[in-house]
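The analysis underlying the following values was restricted to heavy atoms, covering all of them including side chains, and did not include hydrogens, waters or symmetry mates. Counting begins at 1 with the first residue of the sequence.
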Amino acid sequence: MPKQVDHESRRRQIAEAVCQLADESGLEGVTLRDVAARAQVSMGAVQRCFGTKEEMLVFALGHVGEQVAGRLSARLTASPAQSAQSARTALGHAASEVSLVQEEQRAEARVWLAFAAQAAVSPSLAEILRSNYADLHKVFAQLITEGCDTPDPERAARTLLALADGLTTHVLIGHLSPTAALDVLDGHLNQLWNERAS
């Protein structure tokens, strides 16, 4: 009797292989042949899961976004915003999670930036990134609204998201240490909350 293959599980397995290869040598190092070898599946299996390389990359980027969103959700669930101060703490957790500056997030940061660079010339990848950023913006804006009296929480959320996202690059290329990057985030959040108090 032929072995049954969980199609969605196989697609995630292939997405993990894409991410490993992207971490090692950027997206230019991602070929269907190399992905099949890394995922320990046949080329035919990869082609049955994804009609094109672009489709495979889109799925892999969605997979990375789901992982970040899952961790973010877990952090926010662990520290629900029930007061202005807890909203500040939750926002700090969310911003540090998105910035991908911790040592254990280094591989994920390299993968994220590889996809961001490719998205500049790939409308389908750009669409996924825009959706991810829109979702993150909503989370940030909600937390800012709950804990801060800023007159424009939408603008404050855009600023914080751009700051957190930019710090990923600064740490990855060695311009800032993870500690310095987190200090930048903390300083910005303190300034936002001090505006609330004044």
Side-chain angles (χ1 to χ4, degrees), residues 4-78 90 93-102 104-143 157-158 160-169 171-172:
Q4 293 294 320
V5 175
D6 178 347
H7 188 68
E8 199 56 29
S9 176
R10 173 65 55 82
R11 284 165 63 89
R12 285 193 299 272
Q13 178 185 356
I14 292 168
E16 286 293 333
V18 169
C19 291
Q20 290 168 12
L21 291 167
D23 173 36
E24 292 166 12
S25 55
L27 288 182
E28 60 275 7
V30 175
T31 67
L32 292 179
R33 185 176 307 284
D34 288 341
V35 168
R38 182 61 61 95
Q40 299 181 333
V41 299
S42 68
M43 282 278 291
V46 174
Q47 292 167 329
R48 281 190 295 278
C49 287
F50 302 103
T52 64
K53 179 179 176 179
E54 183 82 359
E55 185 184 331
M56 181 178 69
L57 293 179
V58 165
F59 182 85
L61 177 56
H63 179 68
V64 173
E66 286 172 9
Q67 290 178 319
V68 173
R71 283 200 316 271
L72 179 57
S73 178
R75 290 286 297 268
L76 294 178
T77 301
H93 289 320
S96 63
E97 197 65 56
V98 168
S99 67
L100 300 175
V101 298
Q102 302 287 5
E104 63 271 16
Q105 297 170 319
R106 196 61 52 89
E108 194 169 38
R110 283 191 293 267
V111 171
W112 185 259
L113 287 179
F115 275 110
Q118 187 65 29
V121 294
S122 168
S124 55
L125 291 177
E127 183 179 343
I128 297 286
L129 283 181
R130 283 194 301 273
S131 175
N132 287 342
Y133 284 131
D135 290 344
L136 291 170
H137 176 263
K138 285 179 192 172
V139 171
F140 283 14
Q142 181 63 38
L143 290 170
R158 282 193 300 274
L160 180 58
L161 180 56
L163 175 62
D165 196 48
L167 287 172
T168 307
T169 303
V171 170
L172 203 56

If I take atom [atom1] from residue [X] and atom [atom2] from residue [Y], how far apart are they, to the nearest 0.5 angstrom?
X	Y	atom1	atom2	value
L61	M56	CG	CE	12.5 Å
L125	L27	CG	CG	7.5 Å
H63	R12	NE2	CZ	8.0 Å
Q47	S42	CD	OG	8.0 Å
L57	T52	CG	OG1	8.0 Å
L76	H93	CG	NE2	8.5 Å

Heavy atoms, side chains only, cut-off 4.5 Å: are [X] and [Y] in contact?
X	Y	result
L21	E24	yes
D6	E8	yes
E108	D23	no
F50	V18	no
C49	Q13	no
Q118	E28	no
R158	F140	no

Assign the ring pair Y133 / W112 to parallel, tilted or perpendicular, where the plane angle (0 to 90°) is split at 30° and 60°. perpendicular
Of all the heavy-atom pairs spanning [X] and [Y], show the shortest one and how long it is.
X	Y	answer
L100	A109	O-CB, 3.7 Å
K53	V30	NZ-O, 2.6 Å
A141	A157	N-CB, 3.5 Å

Look at the side chain of [X] and the backbone N and O of [Y], then say whether any donor-acceptor pair between them is shorter than 3.5 Å.
X	Y	value
Q142	K138	no
S122	A119	no
T77	S73	yes

Evaluate side-chain contact (heavy atoms from CB on, under 4.5 Å) for V98 paired with V139, printing each intermediate quantity in order. CA-CA 11 Å; V98 168; V139 171; over 6 Å; no
What do the steps show when you test S96 against V101 for side-chain contact (heavy atoms from CB on, under 4.5 Å), and what is the final call? CA-CA 7 Å; S96 63; V101 298; 5.8 Å; no
Give a yes or no on whether E54 atom CD has more than 12 heavy-atom contacts from other residues, nucleotides or ligands under 6.0 Å away. yes
Within 6.0 Å of CD in Q40, more than 12 heavy atoms from elsewhere: no
Does the side chain of E97 come under 3.5 Å of the side chain of Q105 through a donor N or O and an acceptor N or O? yes
Which is it for T168 and D165 under the side chain to side chain donor-acceptor pair (under 3.5 Å) test, yes or no, and what are the steps along the way? CA-CA 6 Å; T168 307; D165 196 48; 4.6 Å; no
